[in-house]
There are 2 protein chains.
Amino acid sequence: MQALKRLESTLPNDPKAAKTGTRPGGRSARVRTDMVTATLAELTEKGYDQLTVDAICHRAGVHKATVYRRWGGVDGLIADALALSADQPWPIPDTGNVDEDIQLLALEVYTTFTDPDLRTTPTALIGAALRSTLGAAALSAFFTARHQQAAEIVTRAVKRGQLPASVDPVELVRAATAPLYHRLFITGEPLDEPAAHRAAAAALLAARASLFDAAAP
Amino acid sequence: MQALKRLESTLPNDPKAAKTGTRPGGRSARVRTDMVTATLAELTEKGYDQLTVDAICHRAGVHKATVYRRWGGVDGLIADALALSADQPWPIPDTGNVDEDIQLLALEVYTTFTDPDLRTTPTALIGAALRSTLGAAALSAFFTARHQQAAEIVTRAVKRGQLPASVDPVELVRAATAPLYHRLFITGEPLDEPAAHRAAAAALLAARASLFDAAAP
DNA sequence: ATACTAATGCGACGTAGGTCGCGTTAGTTG
DNA sequence: CAACTAACGCGACCTACGTCGCATTAGTAT
């Protein structure tokens, strides 16, 4: 599967990529965004089970062979779509109060995957990513990026003295959001707002009890 | 997909099923266990990506058409394998001390998915279940069963007065194990023993802080 | 502007996944 | 023990996914 290498090197309209031997001029980039857009649309409308390369190609006006060459198949497309999503930054709460910030963070995740107007595409995308090894790898990178971004909440809180300096920022963020993803994508249990609040509160409690210290407990 | 109905009604060597119009006598049951066994074997050896109905059939000595009739495809087989696993009971720690019990519970999950001699089949099975809607439904039922079984730890603890009676048993069990599954199957982050201890400790802490009360907080 | 070459378009092809109708086997019923 | 029928075996068949070689287009370089 040299499609993987291709996928990594084919970054979005990245200016410095122009220096390499590759040719990320107008067309390749256009084809990429078109295909990713079409993939998300098809995924949202039909779901992963009914997702077909032909349908995506037809919608994007791109030939099938091109897709198999660049992405290797549907899974590569989903991984790429997720990689693009990971690049897009993301509103991190900053109210001056950690407890509130973490609560808002959990609430944001909750809303994203619950609000009927918002949930469809993110739910379909992450659900789809869980269905292939390629997608799973992309998902891992996606969450690493998100966790690191959100960790700033904790870093700021430590500077303000609201949390002990020993706490592992990523671990706190992870603990505050993990229960939501767990319900959504593993057990399939219903997700409600109290659950989001519980997750955030429990994470803060554990952090203050030194359970999330960076050094070994 | 009437294959679904079939799957539900085709319970394991269930004596009461003999009363219905169906015929769960010797053969059907044999075919089922043979196919499930073969599915797990193939899954463990080759992984979901390389899993093929033909290979499983050849190994089990069952014809392809039979599989598509009864299970509808590979996903149905995986769902069925998971349903069988959910039926098998499971050692619930009972030391007389809740903290220890919950710690052992988390540790048991950790070991199951980490020990090189144990992890392969469970990891492959749950990973595979995440890859289809049919499997996801079976996985949901699987976790519901497991959570309810493990909730006994909490119920006993409440009787002993080690935890407030208001705590939601399932929520505590879920909180103690969710972080492990989250790392394993969603973010793909490495899982170590301290993580298991953290999850258990954090869950207990939250429960004692009345964060997991059955009534709305 | 002209030559160069990645990248895509194109359509035919091979093959694996899945289906269908019918004959056969093996529990079940009386 | 004999008739009955649900479930399975069998093999041909069909669809659709994925591949391949070559022609064409569109960035790139001089």
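The figures here come from the full heavy-atom set of this structure, side chains too, leaving out hydrogens, waters and symmetry mates. Letters A, B, ... mirror the listed sequences (proteins, then strands); counts begin at 1.
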Subject >> Euclidean distance, atom CZ of residue A/R30 to atom P of C/dT8 [Å, nearest integer] >> reply: 11 Å

**OP:** Please state how far atom CE in B/M35 lies from atom P in D/dC8, giving the value in whole angstrom units.
**Re:** 11 Å

Subject >> Nearest-Å distance for atom pair CZ/P, residues A/R32 and C/dA6 >> reply: 21 Å

Original post:
Between the side chain of A/S140 and the main-chain N/O of A/A136, is any donor-acceptor distance below 3.5 Å?
Top reply: no

Original post:
Side-chain donor or acceptor of B/R69 under 3.5 Å from a matching atom on the base of D/dG9?
Top reply: yes

Subject >> Rounded distance in Å - CD1 (A/I56) to P (D/dC17) >> reply: 11 Å

Original post:
Just checking, is any N or O donor in the side chain of A/T44 or A/T121 under 3.5 Å from an acceptor N or O on the other one?
Top reply: yes

Original post:
Is there a donor-acceptor pair closer than 3.5 Å between any side-chain N or O of A/T66 and the backbone N or O of A/V62?
Top reply: no

Original post:
Does any N or O donor sit under 3.5 Å from an N or O acceptor when you compare the side chain of B/K64 with the base of C/dG17?
Top reply: no

Original post:
Taking CG from A/D49 and P from D/dC17, how many angstroms apart are they, rounded to a whole number?
Top reply: 14 Å

Original post:
Do A/Y181 and B/F185 have ring centroids that are under 6.0 Å from one another?
Top reply: no

Subject >> Gap between atoms CG and C1', on A/D54 and D/dT19 respectively (whole Å) >> reply: 13 Å

Subject >> For atom CG of B/L77 and atom P of C/dG17, their distance in whole Å >> reply: 14 Å

Subject >> Spacing of B/H63 atom NE2 relative to C/dT24 atom P, expressed in whole Å >> reply: 15 Å

Original post:
Distance check: side-chain N/O of A/Y68 vs OP1/OP2 of D/dT19, anything under 4.0 Å?
Top reply: no

**OP:** Give a yes/no on whether any side-chain N or O of A/T52 is located under 4.0 angstrom from OP1 or OP2 of D/dC17.
**Re:** yes

